[in-house]
Amino acid sequence: MSRKNLLNLIQVDADMPGKVATSDNKLVGQVASTMREEKARQARADDIERRLGEGQSVIDLDTALVEPSFVRDRMPGDIDGLLSSIREQGQQVPILARPHPEKPGHYQVAFGHRRLRALQQLGLQVKAVIRALTDEELVIAQGQENNEREDLTYIEKARFAQRLKERFAREVITSAMSVDKAELSRMLSVVEAIPADLIDAIGPAPGVGRRSWQELADLIHKDENKNRLELARSDELQSMTSQDRFKALLSALKPRRVVRGLPEVLSTSSGQRLGHVKQSKSKIEITLDRKEAGEFAAFLLNDAVALFEERRAKSTGKEEA
């Protein structure tokens with residue numbers, strides 16, 4: 001069962017970006033190529049939606065009558081850009097929805113969730129194409145539109161696949177996700193190895209791919225301290241962007257091994273680098289980064305002798321006792 005047969009979607013072949021001459025302008029060419037690919041991807045997604053609407057009436061609905069898909073695909077995110085666009089230009093592309101299977105007079109979104117959310121905040125009606133879709137057709141339309149836009153992060157896609165697994169066969173999931181069975185298995189293994197509340201604390205982490213999430217899953221399996229959720233929810237990490245929060249947590253969970261003669265990175269639990277430590281048989285050298293730990297370094301220089309003597313006095317007292 002393919003999504004093409006289920007939805008009879010018209011595929012659009014975007015122009016392939018031309019090869020960029022390898023020269024001093026290679027970087028410029030790569031940026032231009034990436035922009036062309038992104039433009040083509042957006043054009044395909046828009047065309048899918050427009051063609052789904054061909055021959056169908058576009059109607060205006062009260063957003064209170066429209067509910068999200070029964071399978072959540074997104075984590076909360078910023079829609080300020082979309083709000084600004086709709087405020088200035090209106091809703092350019094209708095959403096796709098179906099009559100709600102359990103609530104007469106209500107509807108359920110196949111795709112266009114961010115537009116629906118923006119219109120709800122703006123207090124406007126939503127333009128929608130209404131089609132009678134089965135559960136399978138709805139999630140395949142939802143998945144294909146997300147894959148074309150590629151604005152879902154890796155972990156959001158993996159969680160979407162996990163939720164689909166609860167009620168659909170793998171054939172339907174692979175069609176919705178546009179992935180093969182092997183890649184689907186990898187996605188599911190990653191998301192099932194990381195606690196859901198930890199993923200929520202990290203957030204969608206744009207730009208973080210499968211390998212990094214797999215590395216986190218492996219570290220969690222080996223982690224004995226079990227304080228990862230507390231760390232992810234800490235004020236320090238929550239003040240960071242989602243992707244930086246992921247990197248900080250990953251760094252904090254990595255084991256710190258001391259290699260004799262080689263410097264060991266000295267960092268905080270959140271991953272902030274302070275300097276490095278170098279050890280040998282006869283001495284230990286601690287080098288602090290002036291920019292990151294200047295005040296702390298000044299404190300050590302001023303109080304190092306007093307701290308040493310206080311520590312030695314305590315040790316001596318314990319021995320005498």
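Quick note: residue numbers are just sequence positions, from 1.
More than 12 heavy atoms of other residues, nucleotides or ligands shown are found within 6.0 angstrom of CD on Gln238.
The pair Arg211-Asp218 does not meet the salt-bridge criterion, since no charged nitrogen lies less than 4.0 angstrom from a carboxylate oxygen. Residues Arg131 and Glu137 are not paired through a salt bridge, judged by the lack of any N-O separation under 4.0 Å between the basic side chain and the carboxylate. Ion pairing between a basic and an acidic side chain is recognised when a charged N comes within 4.0 Å of a carboxylate O; Glu166 and Arg163 show no such pairing. Taking 4.0 Å as the cut-off between side-chain N and carboxylate O, Lys254 and Glu215 count as a salt-bridged pair.
Residues Leu307 and Phe299 form a side-chain contact, since some pair of their non-hydrogen atoms from C-beta on lies under 4.5 Å apart. Annotation: side chain of Leu138 is in contact with side chain of Ser69 (closest heavy-atom distance under 4.5 Å). Here the side chains of Leu237 and Leu231 are in contact, with some heavy-atom distance below 4.5 Å. With contacts defined as side-chain heavy-atom distances shorter than 4.5 Å, the pair Leu249/Leu253 qualifies. Ile220 places a side-chain heavy atom less than 4.5 Å from the side chain of Leu198. Taking the side chain as every heavy atom from C-beta outward, Tyr107 and Leu61 approach each other to under 4.5 Å.
Using modelled atom types, one finds no donor on one side chain facing an acceptor on the other under 3.5 Å when comparing Ser239 with Arg245.
When atom types are taken as modelled, the side chain of Thr174 and the backbone of Glu171 share a donor-acceptor pair closer than 3.5 angstrom. Judged by distance alone, the side chain of Thr153 and the main-chain N or O of Pro206 form no donor-acceptor pair under 3.5 Å. Put simply, the side chain of Asp180 gets close to the backbone of Glu183: a donor and an acceptor are under 3.5 Å apart. The backbone N or O of Val93 lies less than 3.5 Å from a partner atom in the side chain of Arg115, making a donor-acceptor pair. Without hydrogens or angle criteria, Ser212 side chain to Val208 main chain gives no donor-acceptor distance under 3.5 Å.
Leu184 approaches Ala161 most closely through the heavy-atom pair CD1-CB, 3.8 Å. Shown here for Gln125 and Gln91, the closest heavy-atom pair between the two residues is O-OE1, 4.2 Å. Between Ala217 and Val190, the closest heavy-atom pair is CB-O, 4.4 Å.
Under a hydrophobic clustering in which Ile, Leu, Val, Met, Phe, Trp and Tyr are joined whenever their side-chain heavy atoms come within less than 4.5 Å, directly or via other members, Leu300 and Ile284 fall into the same cluster.
The CZ atom of Phe168 lies 5.0 Å from the CG atom of Asp135; values are rounded to the nearest 0.5 Å. Atom CZ of residue Phe111 and atom CG of residue Leu116 lie 13.5 Å apart, to the nearest 0.5 angstrom.
Checked options Lys103, Glu102, Glu67, Arg98; the residue passing with Gln108 is Arg98 (criterion: side chain to side chain donor-acceptor pair (under 3.5 Å)).
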Discussion item. Arg117 vs Thr63, test: side chain to side chain donor-acceptor pair (under 3.5 Å). Steps then yes/no.
Written reply: CA-CA 9 Å; Arg117 182 178 156 201; Thr63 57; over 6 Å; no
